[in-house]
Every structure is written in C-alpha cells, then in structure tokens.
Protein chains: 2
Amino acid sequence: MDDSLLFNNFAKHISLTKAEEKYLKTLFEYKVFKSKEFLIQQGEISKQSAFVLNGCLRGYTIDSNGFEHVLSFAPKDWWIADMYSLLSQKPGNLNIEAMVDTEVALISKTNQDKMYEKVPKLERFFRIIIEKSLVAYQQRLNDNLSLTAQERYMKFCKTYPQLINDIPQKQIAAYIGVTPEFLSKLRAKQARTK
Amino acid sequence: MDDSLLFNNFAKHISLTKAEEKYLKTLFEYKVFKSKEFLIQQGEISKQSAFVLNGCLRGYTIDSNGFEHVLSFAPKDWWIADMYSLLSQKPGNLNIEAMVDTEVALISKTNQDKMYEKVPKLERFFRIIIEKSLVAYQQRLNDNLSLTAQERYMKFCKTYPQLINDIPQKQIAAYIGVTPEFLSKLRAKQARTK
DNA sequence: ATCATTTCTTAATCTAGGTTAAGTATTTTC
DNA sequence: GAAAATACTTAACCTAGATTAAGAAATGAT
C-alpha cells in the first residue's frame, strides 16, 4: 500500500532519516475498511490511532435519545483516534466508521509509546498535531456558543469545500448540531435568496 | 513567590533533575494580576502561556452581538493560553482576565521553544497536558451537541464543585451556553423539585 | 431494470431557551 | 456605611430550531 502520504505528513513538522522511516514503517499496520465498517465502536477500549491514506472516516457519538453527533470527519491526510479511550484505557463513547472504502495506516498505543522512546522527535510531531487539533476544537466550541445554525453551516462550507459534495447532508447536520430537516430548510432559504 | 505548585505540576508527568528545575526557573516570569486585569485581550498577538499559582483566570470571547462566551476557567494548578494566537502568531480573539487577584507563572513562546531544545522531556510533558486538554474540549463539544442546558449545568456542578460558589453565576451561564436569566430559571426549578 | 432502503424536502405544529423589562439582592467603592 | 454598580430573580412574550409526518428523489442491492 502506498504510504507516501503518511511520510509527507510527518515531513510537514519534522525531518526523518531513511533509517527512521524504515523503522517507523514496521510500527504501522495497513488496512482497508469497507464502507460502513467500524474501526472502533463505543464501549470498546481503543488500542490504536489511525491515519487516513485514502477515503474518509467519521468519528461520532450516539446520545441517550439515539441521535448521532459527528465530532470529526477524517478525509485523506488526517489523523483520528478516540483520544479519551486511548489515553485512559477505559471504554470510549466514540464510533469511528468508514464513510466509503478507506485505506488507513494504524499504529497501536504500544507501538506509539515505543516510537516515542526510539525517535523522540516524534514526540514533537504529535505535540504539534495535537496542538492544532486543540485549536480547531476550541474554535468549533466557540462557534457553537456564538453562531447561529446558518452561520455554522456557511462556515462548514468554507472550511470543508471538498467534503460538501461528497458526504450526506444529514452528516453535516450532525456535525454543525442541527436536525437534517432544519438544515434542509436553511439550504432552501439560502437558495431562494441567492 | 512560591512556585512549588508549578514543579509539582511538572512532576505529575515527568521527573526533573535539580539542575533542570533551576534552569527552568530562569525561563518563567512571576506576576500578580489584580482582579479584572487582563493577561491578554482579543486582537493582540499572544506571546506567552500562563500557569496559575493562586487565584483564578477566565478565557472568553466576545461575539458580534457583544455577548461573552467562556472557553475556560483556570483555577490554581491550571495552564491557560490563547493557543491559536500563540501558535499562529496572528491576532487572537481570546480575552484572558483575572477573576480575583491572581498569581501566575508566565513563560514566553521564545523561552518555551528554548526549553524544548534544552530539556526535551518537556516536549512530552506538554504533549500530555495538551492531549488532556483536547479530550476535555472534545467532551465539552459533545455535551453541547447532545445535552440540554439543565444537564450541562448539572455536569458543570459535578465537574467543578469548587468553582460553583466562587464564581458569579453569569459566568457559569456563559460557560454552559445559556443566558443568565435562563440559568436562573433552571436553578429555581431545580430548587423547587428538590 | 426493479425493488428496497436511505436521503432529502416541505409543511404544520411545538418547545427549549432567548428577549425585554422591572424589581430585588449583593458587592464595590469612596 | 451610603451610594453606585453589579449580580440575580421573576414573569410575560417571542423565536430559532425541534418534532412529526408524509411524499419525492436518489442510491444500492439483486
């Protein structure tokens, strides 16, 4: 499987020697998930982080009324994990599911810890990745506190132009925090006034 | 100023030699902020991270209608920064303000970068701190997507029992995402049914 | 190609939470 | 310790977004 995307991703923040790359390759497992297959499901203890080589994943929770809430989409070149479960080694409440057939590079928690010992600069790499992720979640929380549904939808369209046409509208609704019916209404209104 | 809390905080995830501690002390600046004084204000480019030795800070944004939204409270033993502005070195939209007279240890971005070079295990320390913070924001976003205002308030009370009586109720409202009037209504209803 | 399933739309009705406004504590300041 | 400022409460009314329901469009499976 072609993992050049993974190593280009590393190269964005640190530079690895050929030897380090070779060592790293041994720590990852490459796998294809069919559309609608789960990488993990709520209630399980998460054992690995995933990097998307191709396709798209989504991380979502299901609340006590059975409604889904999308915490993140992971198109190609993105990292995704149930950080809560992975760190605490307690059962998580995140489902990570393939939205289409998806190629991923997986690294187990054990191997990730080994990796930090052997190649400490990866500690920096993941610090930076996580910092960026933190900023994005802070921003999104702030948007949920301060913007209307309409504004959140417009922002989503601007931020993820490539996803808009590729993923079902109800998933976007579950991401911005409205019902599919209301998003449909918003879009109809937007189309009318354009 | 007594900075033992800071070094106990480091000790939760890494162990430092006496020499390292001594070096680190030179990188921090100790400062007292009077109640209502700002560490940073929106529009400024953030230059430092803060650790609270005593007192309490709050990080909040002001939206286009003039409403405040609290992104985080930082009581003693907490780290706080405008991560977006600090990382991007662009003007931020976070205000960090002292809620009472507050002692903080400040480290500049420059010194933090130096620190990573000189004592690489701090890279690990901050990776872990940021991982935990990420998990907390994810959880909170999920709560905002899936819980009612009443449930979010009850969860806040359970999570921050020490803050409940120390901070104004309108700040809690601005944290859980409702108006002060509505929170007051919730509390009245809760008191009635108890 | 056809049937079944899923997704999207529209519309009527409902409700959690917002707005406005006025009054009552509680702090802060001098 | 009085006046001013801020925080909290209550209540009437309002609205963004939810719910319910039913039909239309698109997708998928055989």
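Of the possible polar contacts, none joining the Asn65(A) side chain to the Phe67(A) backbone as a donor-acceptor pair under 3.5 Å is found. When atom types are taken as modelled, the side chain of Asn111(B) and the backbone of Leu27(B) share a donor-acceptor pair closer than 3.5 angstrom. When atom types are taken as modelled, the side chain of Thr102(A) and the backbone of Gly55(A) share no donor-acceptor pair closer than 3.5 angstrom. A distance-only check finds a donor-acceptor pair linking the side chain of Asn95(B) to the backbone of Gln42(B) [under 3.5 Å]. With Glu151(A) contributing its side chain and Thr148(A) its backbone, the two residues share a donor-acceptor pair below 3.5 Å. Side-chain N or O atoms of Arg140(B) include one that pairs as donor or acceptor with a backbone N or O of Leu71(B) at under 3.5 Å. Using modelled atom types, one side-chain atom of Ser85(B) and one backbone atom of Lys90(B) make a donor-acceptor pair closer than 3.5 Å.
Each ring pair (Phe, Tyr, Trp, His ring centres under 6.0 Å) pair with one or both residues in residues 81-112 of chain A, not counting sequence neighbours, would appear here, but there are none.
Using a 4.0 Å cut-off between a side-chain N of Lys or Arg and a carboxylate O of Asp or Glu, Glu68(B) and Arg58(B) qualify as a salt bridge.
In the region residues 146-165 of chain A, proximity to DNA chain D at under 4.0 angstrom, judged on heavy atoms, holds for Thr148(A), Ala149(A), Arg152(A).
Heavy-atom minimum distance, Ile80(A) versus Ser72(A): CD1-OG, 3.5 Å.
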Pairs: protein N or O with nucleotides 6-8 of chain C N or O, under 3.5 Å:
| unit_1 | atom_1 | unit_2 | atom_2 | d |
| --- | --- | --- | --- | --- |
| dT7(C) | OP2 | Lys170(A) | NZ | 2.9 |
| dC8(C) | OP1 | Gln169(A) | N | 2.8 |
| dC8(C) | OP2 | Gln169(A) | N | 3.2 |
| dC8(C) | OP2 | Lys170(A) | N | 2.9 |

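In 5' to 3' order, the nucleotides of DNA chain D bounding all contacts with chain B (an atom under 4.0 Å from a heavy atom) are dA7(D) to dT10(D).
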- Task: Start with the C-alpha gap between Asp63(A) and His69(A), add the side-chain angles, then the distance that decides, and say whether side chain to side chain donor-acceptor pair (under 3.5 Å) holds.
- Result: CA-CA 8 Å; Asp63(A) 71 26; His69(A) 305 282; 2.7 Å; yes

- At under 4.0 Å between heavy atoms, which parts of nucleotides 18-24 of chain C does protein reach? Answer with one letter per nucleotide, 5' to 3': B base, S sugar-phosphate only, - none. BBBB---

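Through direct or relayed side-chain contacts under 4.5 Å between Ile, Leu, Val, Met, Phe, Trp and Tyr, Tyr153(A) connects to Phe38(A), Tyr60(A), Ile62(A), Val70(A), Phe73(A), Trp78(A), Met99(A), Phe156(A), Tyr160(A), Leu163(A), Ile164(A), Ile167(A), Ile172(A), Tyr175(A), Ile176(A), Val178(A), Phe182(A), Leu183(A), Leu186(A).
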